[in-house]
Amino acid sequence: MRLILLGAPGAGKGTVAKQLTALDGSVQISTGDILRGAVQAGTELGRKAQEYMKRGDLVPDELILGIMEKRLQEPDCAKGFLLDGFPRTIPQAEALKGLLAKLGIRLDAAVNLDVPRDVILDRLTTRRTCSNPKCQEIYNVKSKPPKKDGVCDKCGSPVVQREDETEEAINKRLDTYNEKTAPLTGFYEREGLLLNVSSTSSDEVVAAIRKHIGI
Ligand code: AP5
């Protein structure tokens, strides 16, 4: 499948993407995970991105577009991909449209995960993430705690709270989302690709997507 996952921070894009990749071998491409990996590895990209991310601001479009142009042409994308966290702005959406046309790739849908703000705030303050850049498994102290406190079930690395998960940064990320990313639903509606799913259950979201694309 070839999907874009849209939705506010904490809407469940990463959680749903992991469930969907298990269905047909599509790869999850999370720009947030790529950037956090670069910050931890101390690469030039990471150094450039870190201050924006810590504040809850978007990283400049040109940095993200450079990454995605290369990433979408890697061999593991041949079976399909789930874009989690990209595009985030209208210029990114326009650039993606041009890139996909150039590569001869058609999207199945752009799925908007619509979740109430109070649920989102609760989820983000209780989320924990594996600190291993190659794993980045998502946990939640309420709904999905690791079996051993503070230790990743999958790779044994420490499970931590993200640097941008302070109340101030969360509020900033939600404002940035409303200003810059929410308009993408209109963009994809006009492209005839939008699927809006209002649910707080990831199983229901996955079922709605499967029904829509027929798998
Ligand atoms: P990114 O990592 O993409 O963060 P985000 O969009 O803020 O998304 P999240 O990862 O916070 O949320 P999610 O929707 O994936 O929710 P999750 O499944 O984890 O980006 C981080 C930063 O990188 C940005 O702020 C920006 O600076 C930069 N960046 C990234 N991409 C960029 C781009 N394209 N352009 C510019 N800058 C960019 O779920 C959240 C929690 O809820 C978890 O605890 C989970 O367990 C729980 N949960 C999920 N679903 C359920 C459910 N159904 N029931 C109960 N709990 C649930």
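Order of appearance sets the numbers: ligands from 1, and atoms from 1 within every ligand. Quick note: numbers below take in every heavy atom, side chains included, and nothing from hydrogens, waters or symmetry partners. None of these values were measured; they are calculated from a predicted model.
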Close-contact set for ligand 1 against G14 heavy atoms, below 4.0 Å: 13 (P), 15 (O), 18 (O)
Show your reasoning for whether side chain to side chain contact (heavy atoms under 4.5 Å, CB included) applies to K211 and L195. CA-CA 11 Å; K211 188 171 167 211; L195 170 67; over 6 Å; no
Heavy-atom nearest neighbour in the protein, as seen from atom 19 (O) of ligand 1, with distance rounded to 0.1 Å: R127 NH1, 2.5 Å
What protein heavy atom lies closest to atom 24 (C) of ligand 1? Include the residue and the distance to one decimal. R88 NH2, 3.4 Å
Under 4.0 angstrom from ligand 1, any heavy atom of M68? no
Does some non-hydrogen atom of A11 fall short of 4.0 Å from ligand 1? yes
Is there a heavy atom of A8 sitting under 4.0 angstrom from any atom of ligand 1? yes
Starting from atom 12 (O) of ligand 1, what is the nearest protein heavy atom, named by residue and atom, and what distance separates them? G10 N, 2.9 Å
Identify the protein heavy atom lying closest to atom 52 (C) of ligand 1, giving its residue, its atom name and the separation to 0.1 Å. R123 NH2, 3.3 Å
Looking at ligand 1, is there an atom of it that comes within less than 4.0 Å of some heavy atom belonging to R128? no
Between R173 and D164, which heavy-atom pair has the shortest distance, and what is it? NH1-O, 3.0 Å
Using a strict cut-off of 4.0 Å, indicate which atoms of ligand 1 neighbour a heavy atom of S202. 53 (N)
Which residues pass the side chain to side chain donor-acceptor pair (under 3.5 Å) test with D149, sequence neighbours left out? none
Does a salt bridge link E137 with R128, judged by any charged N lying under 4.0 Å from a carboxylate O? no
Can you pull out the closest protein heavy atom to atom 29 (N) of ligand 1? Residue, atom name and distance to 0.1 Å, please. L35 CD1, 3.5 Å
Show, in sequence, the C-alpha distance, side-chain angles and deciding distance for T185 and N196, and conclude whether the side chain to side chain donor-acceptor pair (under 3.5 Å) test is met. CA-CA 9 Å; T185 53; N196 198 58; over 6 Å; no
